[in-house]
Amino acid sequence: MTTTLRSSSSLPLRAAAPLLNIVHVVGARPNFMKVAPVMRALSGKENVTQALVHTGQHYDANMSEVFFRQLGLPEPDVNLGVGSASHAVQTAQIMMRFEQVVLGRRPDLVLVYGDINSTVAAALVCAKLGIRVGHVEAGLRSFDRTMPEEINRLLTDQIADWLFTPSADGNQNLQREGVPAAKIHFVGNVMIDTLVRLLPAAEQRDVLSRFGLPASGYGLATLHRPSNVDDPAMLMKIMETLQAISRDVPLIFPIHPRTRQRLADAQYALHATQLQLVDPLGYLDFLALQRHARLVITDSGGIQEETTYLGVPCLTVRENTERPVTVTVGTNILVGQDMSHLKREVHRILDGDHKQGQLPPFWDGKAGERIAAILVAP
Ligand code: UD1
């Protein structure tokens, strides 16, 4: 379904703005929360047509479909159906299939989101065809090139024409890398737009009672980064630590497919009774769980941001973060892969000693509107 909005053709006196034909590309779970506010904001603009392309990088219903439904996203106009594969194969498949879409639709502009393989693949196709690209969530850097996402960020930002940054550090990184200032727009955090819009709906969910969790008396864990889960020894160390922590505070751990696979490979058996491993949750249930958690343990990028917005203490099991504002301004602490550090910080939080945090500038629910205004400006 394509959303087409045109001004009335019966008003000859006012010169119509040129038609802007935009294609949005998404592929994996964290993209869906980012595209929704931009599409919504653009759907209010005259002379804009929009199409949504899903690469199919994430394909399970609980990693994709439930998000489309809960976020109110339209059905994708095109699904490239690439599925899982090695990075090279996945990226190449997206490029081959997306090139055909671009050649057929000839968009004026393609918007890509975040830092996943779909982001860099689509941007590269457009750069080669001379189609302009906008990158939403530009400029973030972990300075760790062993992370696949860091490579995706660096390359996408070098070839994008519009770079929309969520925080001031993004502007600084891009300027240092030689990106012309005129291309860089500090618009704020689109992920937070979605959170602000849907928090009231999340508050209506009965997810705590469904999982038997006491209000404000539980912790929430999510881990799926290759650096944590692909090494069996590291994964076992993490699982033992979570089991130990769950003796002091009940933990719920919605398991990403990558992590589930690694646990199955390792024939992992759960011993503790207060650590619940559950399937991935939809957006609203997960947001409700974050909102009421006493603490969150994660290696996700988006969750570092959402907990900062919610004022919930976040312990990030990584040595670095591409979202430093969550540490300097927000509620995030990097504990690295040191499990004794993680346990120490958990106990400090349970003792009532935790960062209060503040909201970074422009994390106000209006980033999508700022992007739309920039794109349609004459
Ligand atoms: C991808 C992104 C990562 C993002 C994450 C969010 C890249 C390089 N990584 O990592 O930045 O944080 O998504 O979830 O783009 N699988 C399923 N069903 C699915 C999707 C994946 O079973 O719907 C399984 C497959 O076995 C696959 C594995 O999960 O091999 C990993 O999926 P993949 O999309 O390759 O990377 P993610 O680890 O999800």
Looking only at side chains, do [X] and [Y] share a donor and an acceptor under 3.5 Å apart?
{"X": "S84", "Y": "Y59", "answer": "yes"}
{"X": "R176", "Y": "Q172", "answer": "no"}
{"X": "N152", "Y": "T119", "answer": "no"}
{"X": "E305", "Y": "T326", "answer": "no"}
{"X": "N320", "Y": "R318", "answer": "yes"}
{"X": "T298", "Y": "T222", "answer": "yes"}
{"X": "S64", "Y": "H54", "answer": "yes"}
{"X": "Q261", "Y": "D265", "answer": "yes"}

Using a strict 4.0 Å threshold on nitrogen-to-oxygen distance, state whether [X] and [Y] make a salt bridge.
{"X": "R40", "Y": "E369", "answer": "no"}
{"X": "R153", "Y": "D115", "answer": "yes"}
{"X": "D161", "Y": "R132", "answer": "no"}
{"X": "D279", "Y": "R260", "answer": "yes"}
{"X": "K355", "Y": "E345", "answer": "no"}
{"X": "D230", "Y": "R258", "answer": "yes"}
{"X": "R145", "Y": "E149", "answer": "no"}

Checklist line | Ring centres under 6.0 angstrom apart (H135, Y113) | finding: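 Judged by ring-centre distance (under 6.0 Å), H135 and Y113 do not meet the cut-off.
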
Does atom [atom1] ([X]) have a neighbourhood of more than 12 heavy atoms from anything else shown, all under 6.0 Å?
{"X": "M236", "atom1": "CE", "value": "yes"}
{"X": "E319", "atom1": "CD", "value": "yes"}
{"X": "E203", "atom1": "CD", "value": "yes"}

Is [Y] reachable from [X] through a run of hydrophobic residues whose side-chain heavy atoms are each under 4.5 Å from the next?
{"X": "I116", "Y": "V25", "value": "no"}
{"X": "V125", "Y": "L154", "value": "no"}
{"X": "V249", "Y": "I333", "value": "yes"}

Check: By side-chain hydrogen bond (donor to acceptor under 3.5 Å, both in side chains), which residues pair with Q276, not counting sequence neighbours?
Finding: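 If we apply the side-chain hydrogen bond (donor to acceptor under 3.5 Å, both in side chains) test to Q276, skipping adjacent residues, there are no hits.
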
Next item on the list: Quick one: list whatever passes side-chain hydrogen bond (donor to acceptor under 3.5 Å, both in side chains) with T321, sequence neighbours left out.
Entry: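 With sequence neighbours excluded, T321 shows a side-chain hydrogen bond (donor to acceptor under 3.5 Å, both in side chains) to Q304, given in chain and number order.
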
Between [X] (side chain) and [Y] (backbone), is there a donor-acceptor pair under 3.5 Å?
{"X": "Q337", "Y": "S227", "answer": "yes"}
{"X": "N62", "Y": "L281", "answer": "no"}
{"X": "T331", "Y": "V312", "answer": "yes"}
{"X": "R291", "Y": "F286", "answer": "no"}
{"X": "N173", "Y": "G139", "answer": "yes"}

Checklist line | side-chain hydrogen bond (donor to acceptor under 3.5 Å, both in side chains) assessment of N228 paired with R225 | finding: CA-CA 5 Å; N228 282 328; R225 295 259 156 243; over 6 Å; no

Check: Do we get R370 above F362's six-membered ring, with its NZ or CZ under 6.0 Å from the centre and within 45° of the axis?
Finding: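 Pair R370/F362 counts as cation-pi.
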
Next item on the list: Quick one: sort the H58 and H256 rings into parallel, tilted or perpendicular, breaks at 30° and 60°.
Entry: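 Rings of H58 and H256: perpendicular, over 60°.
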
Checklist line | Straight-line distance of L42 CG to L20 CG, nearest 0.5 Å | finding: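 CG of L20 is found 7.5 Å from CG of L42.
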
Check: What distance separates L174 CG from L163 CG, expressed to the nearest 0.5 Å?
Finding: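 One gets 5.5 Å once the value is rounded to the nearest 0.5 Å.
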
Next item on the list: State, with a plain yes or no, whether a side-chain heavy atom of N189 is found less than 4.5 Å away from one of Y309.
Entry: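 They are not in side-chain contact.
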
Check: Is any side-chain heavy atom of F98 less than 4.5 Å from a side-chain heavy atom of L124?
Finding: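 No, their side chains stay 4.5 Å or more apart.
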
Margin query: I'd like to know whether R323 forms a salt bridge (charged side-chain N to carboxylate O under 4.0 Å, His left out) with E137, so could you lay out the CA-CA distance, the side-chain angles of the two residues, the decisive distance to 0.1 Å, and finally the verdict.
Written below: CA-CA 11 Å; R323 299 161 212 266; E137 200 185 81; 3.1 Å; yes

Next item on the list: Please name the pair of heavy atoms, one in V133 and one in C126, separated by the smallest distance, quoted to 0.1 Å.
Entry: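 Of all heavy-atom pairs spanning V133 and C126, the closest is CG2-CB, 3.3 Å.
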
Next item on the list: In sequence, state the C-alpha distance, the side-chain angles, and the governing distance for D157 and R141, and then conclude on salt bridge (charged side-chain N to carboxylate O under 4.0 Å, His left out).
Entry: CA-CA 11 Å; D157 285 341; R141 297 289 180 269; 2.9 Å; yes

